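Everything quoted here is computed from the prediction, not taken from an experiment.
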Amino acid sequence: MTQMGQTGLLNLAGRRMRIFCADISASSINPSWTQVASLARSQDLMIRVNSIVQDFGRTKGTAVIFSASISLPTSPRRLFDHLRDVNSRKWHDVQELFYVIQGNDPRNRVSIIQANPGLGLAGTLFVQESYMDSTGSSFVVYSHVDKLVLTNVLNGANPDLVTMMPSGFAILPDGMPSSDNDVGGGGYGSILTIAYYMVLTLTGNPLFIPDNTMDVFKQLIVNTVTDIENAVLHNNS
């Protein structure tokens, strides 16, 4: 990949990360989160809904972010290494086509990922960014991008005009002892926040989310938590 392509990829990832952080944050300028369900182990499924009228690079419609946080007795490093591995999150048959390392840690990277065309995702690529800092805080954020659009960005097109719907994970140390054997992992457990983003085209009230959509995302969060727990807790070594 050319230097122009690497710069375009990093700029795209940087913009996507800003969207992700803004979407999962609550502040005086952002709509607040609303609890919509209580899940197992005192997890609360939260939702934030915003109507997008005109925002370059974002699809017009109703933006919906579903999120839940969970405490896990495993080190942030172990959890980060699991989540950044695309093969661990049931993306089925995927291949990392290219990546750009950020800094000295090869785990901190922006990757272009291709799914098996047989999954019905022909023409779609995923861009994933994974990053962990010296405190053990980390994130793994990804989104799908049309192959032609991404090719244009790598050839110098403006990444600010690319439609982005970022989903992902944020990890913080919780200060509690870790139950795994991750030597060098800091000895602490983790607080994991999961966020899924989608844009809906709704009739009537654009801020009303149908019950069946709520059920789909509730089950998605539950399944994601279960898969992570099975991988990082039940298979500790």
Side-chain angles (χ1 to χ4, degrees), residues 1-31 47-67 83-84 86 89 91 94-103 108-117 119-131 138-170 193-203 206-207 209 213 217 220:
M1 182 182 293
T2 65
Q3 184 62 48
M4 177 186 293
Q6 295 184 39
T7 300
L9 180 61
L10 293 176
N11 288 340
L12 181 67
R15 174 175 161 271
R16 192 259 314 275
M17 182 55 61
R18 291 191 294 273
I19 293 174
F20 179 78
C21 291
D23 283 340
I24 67 172
S25 300
S27 70
S28 59
I29 61 174
N30 273 337
I47 182 175
R48 189 162 74 80
V49 183
N50 187 28
S51 180
I52 300 176
V53 178
Q54 183 172 0
D55 189 355
F56 287 115
R58 305 187 73 175
T59 303
K60 294 181 181 180
T62 300
V64 185
I65 303 97
F66 291 81
S67 180
L83 292 175
R84 72 182 184 84
V86 296
R89 294 206 307 277
W91 278 11
V94 297
Q95 178 185 6
E96 185 178 50
L97 300 180
F98 187 83
Y99 60 85
V100 178
I101 295 175
Q102 303 186 85
N108 294 344
R109 61 174 64 184
V110 177
S111 303
I112 299 174
I113 298 161
Q114 177 175 270
N116 185 333
L119 299 176
L121 297 173
T124 299
L125 298 172
F126 291 89
V127 175
Q128 174 178 288
E129 181 175 4
S130 57
Y131 187 85
S138 61
F139 55 76
V140 179
V141 178
Y142 59 92
S143 60
H144 67 269
V145 182
D146 179 84
K147 186 175 182 180
L148 178 59
V149 171
L150 182 57
T151 299
N152 290 336
V153 170
L154 299 182
N155 288 327
N158 186 356
D160 290 343
L161 302 180
V162 178
T163 298
M164 305 294 285
M165 294 189 291
S167 299
F169 310 89
T193 297
I194 305 165
Y196 289 110
Y197 180 111
M198 70 180 300
V199 174
L200 303 175
T201 302
L202 302 175
T203 58
L207 301 183
I209 308 303
T213 301
F217 272 85
L220 178 59

Trainee: State which residues pass side-chain hydrogen bond (donor to acceptor under 3.5 Å, both in side chains) with S111; sequence neighbours excluded, sorted by chain then number.
Mentor: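 Once residues adjacent in sequence are excluded, the partners of S111 under the side-chain hydrogen bond (donor to acceptor under 3.5 Å, both in side chains) criterion are E96.
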Trainee: Under the rule for side-chain contact (heavy atoms from CB on, under 4.5 Å), what residues qualify as partners of S138, not counting sequence neighbours?
Mentor: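 S138 satisfies side-chain contact (heavy atoms from CB on, under 4.5 Å) with F80, M132, I171 only.
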Trainee: Where do S143 and P166 come nearest, in terms of heavy atoms and distance?
Mentor: CB-CA, 4.0 Å
Trainee: Just to verify, what does V149 make a side-chain contact (heavy atoms from CB on, under 4.5 Å) with, not counting sequence neighbours?
Mentor: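 Once residues adjacent in sequence are excluded, the partners of V149 under the side-chain contact (heavy atoms from CB on, under 4.5 Å) criterion are V145, D146, V162.
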Trainee: Under 3.5 Å, which donor-acceptor pairs link side chains of residues 150-158 to any protein atom two or more places apart or in another chain?
Mentor:
from, atom 1, to, atom 2, distance (Å)
T151, OG1, K147, O, 2.9
N152, ND2, L148, O, 3.4
N155, ND2, T151, O, 3.2
N158, OD1, D160, N, 2.9

Trainee: Going by ring pair (Phe, Tyr, Trp, His ring centres under 6.0 Å), name the residues that satisfy it together with F217, two or more places apart in sequence or in a different chain.
Mentor: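 So F217 forms a ring pair (Phe, Tyr, Trp, His ring centres under 6.0 Å) with F66.
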Trainee: Might you point out which heavy atoms bring G8 and P159 nearest each other, and give the distance in Å?
Mentor: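 It is O-CB, 4.4 Å.
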Trainee: CD of E129 to CZ of R84: how many Å apart, nearest 0.5 Å?
Mentor: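 Nearest 0.5 Å value for the CD-CZ distance: 13.5 Å.
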Trainee: Excluding sequence neighbours, so at least two apart, what forms side-chain hydrogen bond (donor to acceptor under 3.5 Å, both in side chains) with T193?
Mentor: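 T193 satisfies side-chain hydrogen bond (donor to acceptor under 3.5 Å, both in side chains) with S69 once adjacent residues are dropped.
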Trainee: What distance do F98 atom CZ and L9 atom CG have between them, rounded to the nearest 0.5 Å?
Mentor: 7.5 Å
Trainee: Which residues pass the side-chain contact (heavy atoms from CB on, under 4.5 Å) test with Y131, not counting sequence neighbours?
Mentor: N108, D133, F139
Trainee: I'd like to check the side-chain contact (heavy atoms from CB on, under 4.5 Å) partners of L97; sequence neighbours left out, ordered by chain and number.
Mentor: Q95, I112, Q114, L125
Trainee: Drop me the distance from L12's CG to M164's CE, to the nearest 0.5 angstrom.
Mentor: 4.0 Å
Trainee: Partners of Y196 by side-chain hydrogen bond (donor to acceptor under 3.5 Å, both in side chains), sequence neighbours excluded?
Mentor: T224
Trainee: Quick one: does any side-chain atom of S167 pair with a main-chain N or O of Y197 as donor and acceptor, under 3.5 Å?
Mentor: yes
